[in-house]
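Sequence positions, counted from 1, serve as the residue numbers for this chain.
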Amino acid sequence: MPKLLVKPEGRHGRVSHVTPQSAGWTYVGFDVHRMKPGEIVAAETGSREVCLVWISGKGKVTAAGEDFGVLGARMSPFDGAPHALYVPADANWSVTAETELELAVCSAPGGGDHKAKAIPPGTHEKVVRGKGSNVRHVHNIMPEDDNSAHSLLVVEVITPNGNTSSYPSHKHDRDDLPNESLLEETYYHRLNPPQGFAFQRVYTDDRSLDEAMAVEDGDVTLVPRGYHPCATVHGYDLYYLNVMAGPKRVWKFHNAKEHEWLLG
């Protein structure tokens, strides 16, 4: 089984690269590019659809023959909601950095007649989940109810220092709707301040998979199956960008029975 913790490859250029082949699964791909002003990243989507997320910085973008102008406003992933852009299958896209730019490229199998579409901040309402030391702040980018993609689901979450997230433990690894959907998932982690760390555990009921990881700024974690809670430590806020995809574009999860009492 591939390692679930993927460390960044340097500080400039394509620093993260996850493919279905490297992850040992079927659907989700994820890249991060760190660019200097004037640098260009461009690609063809082929049979896959893409969601570009401006983690920080500004960049001019064209996609599917359309000029979307300069997107991006925040200079840190901890400073409000992101700009994003959906690009369908069988299309080209190109981003030219206007400032230092950190760009995420989220991908999954494409299909249907979806069109390229900018997703500005505020497209979806900010959601606060949890209570006490389990509070987190959610910016949906491509939720299941927006009907704008074939298989991609994309969301950002900020977990304040000392809090847990993706908790109580839940999973989505069975194609058993309406009870549970099968979704692969990546987490792209950032810490504020960046020298911090957090923890993530990925485990199954039978513990055939049970891996606990210390995650640092810029790490990607893979969730092929099982529960996947996070916890950050005192003094360090945790950001993560989630990409999910599976045979159906539905997020239906199953809570770990032993922890459901926490939802009361």
Going from [atom1] on [X] to [atom2] on [Y], what distance comes out if it is rounded to the nearest 0.5 angstrom?
X	Y	atom1	atom2	result
Arg48	Asp90	CZ	CG	13.0 Å
His33	His12	NE2	NE2	11.0 Å
Phe199	Met213	CZ	CE	12.0 Å
Leu4	Asp219	CG	CG	12.5 Å
Ile158	Asn192	CD1	CG	8.5 Å

Non-hydrogen atoms of Ser16 and Gly218 that approach each other most closely: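 Distance-wise, the nearest heavy atoms are OG-O, 4.0 Å.
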Let's go through Val202 and Leu209 carefully: what are the C-alpha distance in whole Å and the side-chain angles of both, what is the deciding distance for side chain to side chain contact (heavy atoms under 4.5 Å, CB included) to 0.1 Å, and is it a yes or a no? CA-CA 7 Å; Val202 180; Leu209 174 61; 3.8 Å; yes
[X] side chain vs [Y] backbone, donor-acceptor pair below 3.5 Å:
X	Y	result
His228	Gly226	yes
Thr96	Gly38	no
Asp210	Tyr203	no
Glu216	Gly196	no
Asn255	Lys257	no
Asp237	Asn161	yes
Thr45	Ala91	yes
Arg174	Ser181	no

Do any pairs count as a side chain to side chain donor-acceptor pair (under 3.5 Å) and have a residue in residues 124-140, sequence neighbours left out, and if so which ones?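 For residues 124-140, and leaving out neighbouring residues, the side chain to side chain donor-acceptor pair (under 3.5 Å) pairs sorted by first residue read Asn134-Thr164.
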Could you tell me whether [X] atom [atom1] has more than 12 heavy atoms of other residues or ligands within 6.0 Å of it?
X	atom1	answer
Lys171	NZ	yes
Glu260	CD	yes
Arg11	CZ	no
Lys115	NZ	no
Glu100	CD	no

I'd like to know whether the aromatic ring centres of Trp251 and Phe253 sit less than 6.0 Å apart in this structure.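 Yes; Phe253 has its ring centre under 6.0 Å from that of Trp251.
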What I want to find out is whether [X] reaches [Y] closely enough, with some N-O distance under 4.0 Å, to be called a salt bridge.
X	Y	answer
Glu184	Arg225	no
Glu211	Lys3	no
Asp145	Arg249	no

Do [X] and [Y] touch side chain to side chain, with heavy atoms closer than 4.5 Å?
X	Y	result
Val220	Tyr187	no
Asn242	Val154	no
Ser107	Phe30	no
Val105	Trp93	yes
Val95	Leu101	yes
Leu222	Val18	yes

Do Tyr227 and Asp205 have a side chain donor and acceptor closer than 3.5 Å?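 Present: a donor and an acceptor within the cut-off.
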Just jot down the side-chain hydrogen bond (donor to acceptor under 3.5 Å, both in side chains) partners of Ser151, sequence neighbours excluded, or say none.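 Partners of Ser151 by the side-chain hydrogen bond (donor to acceptor under 3.5 Å, both in side chains) criterion, ordered by chain and then number, come out as Glu49.
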Tabulate below the donor-acceptor pairs under 3.5 Å that side-chain atoms of residues 59-80 make, not counting sequence neighbours, or state none.
residue: Lys60; atom: NZ; partner: Asp67; partner atom: OD1; Å: 3.4
residue: Lys60; atom: NZ; partner: Asp67; partner atom: OD2; Å: 3.3
residue: Asp67; atom: OD1; partner: Gly69; partner atom: N; Å: 2.8
residue: Arg74; atom: NE; partner: Ile55; partner atom: O; Å: 2.9
residue: Arg74; atom: NH1; partner: Gly80; partner atom: O; Å: 2.7
residue: Arg74; atom: NH1; partner: Glu156; partner atom: OE1; Å: 3.1
residue: Arg74; atom: NH2; partner: Trp54; partner atom: O; Å: 3.4
residue: Arg74; atom: NH2; partner: Ile55; partner atom: O; Å: 3.3
residue: Arg74; atom: NH2; partner: Glu156; partner atom: OE2; Å: 2.5
residue: Ser76; atom: OG; partner: Phe78; partner atom: N; Å: 3.1

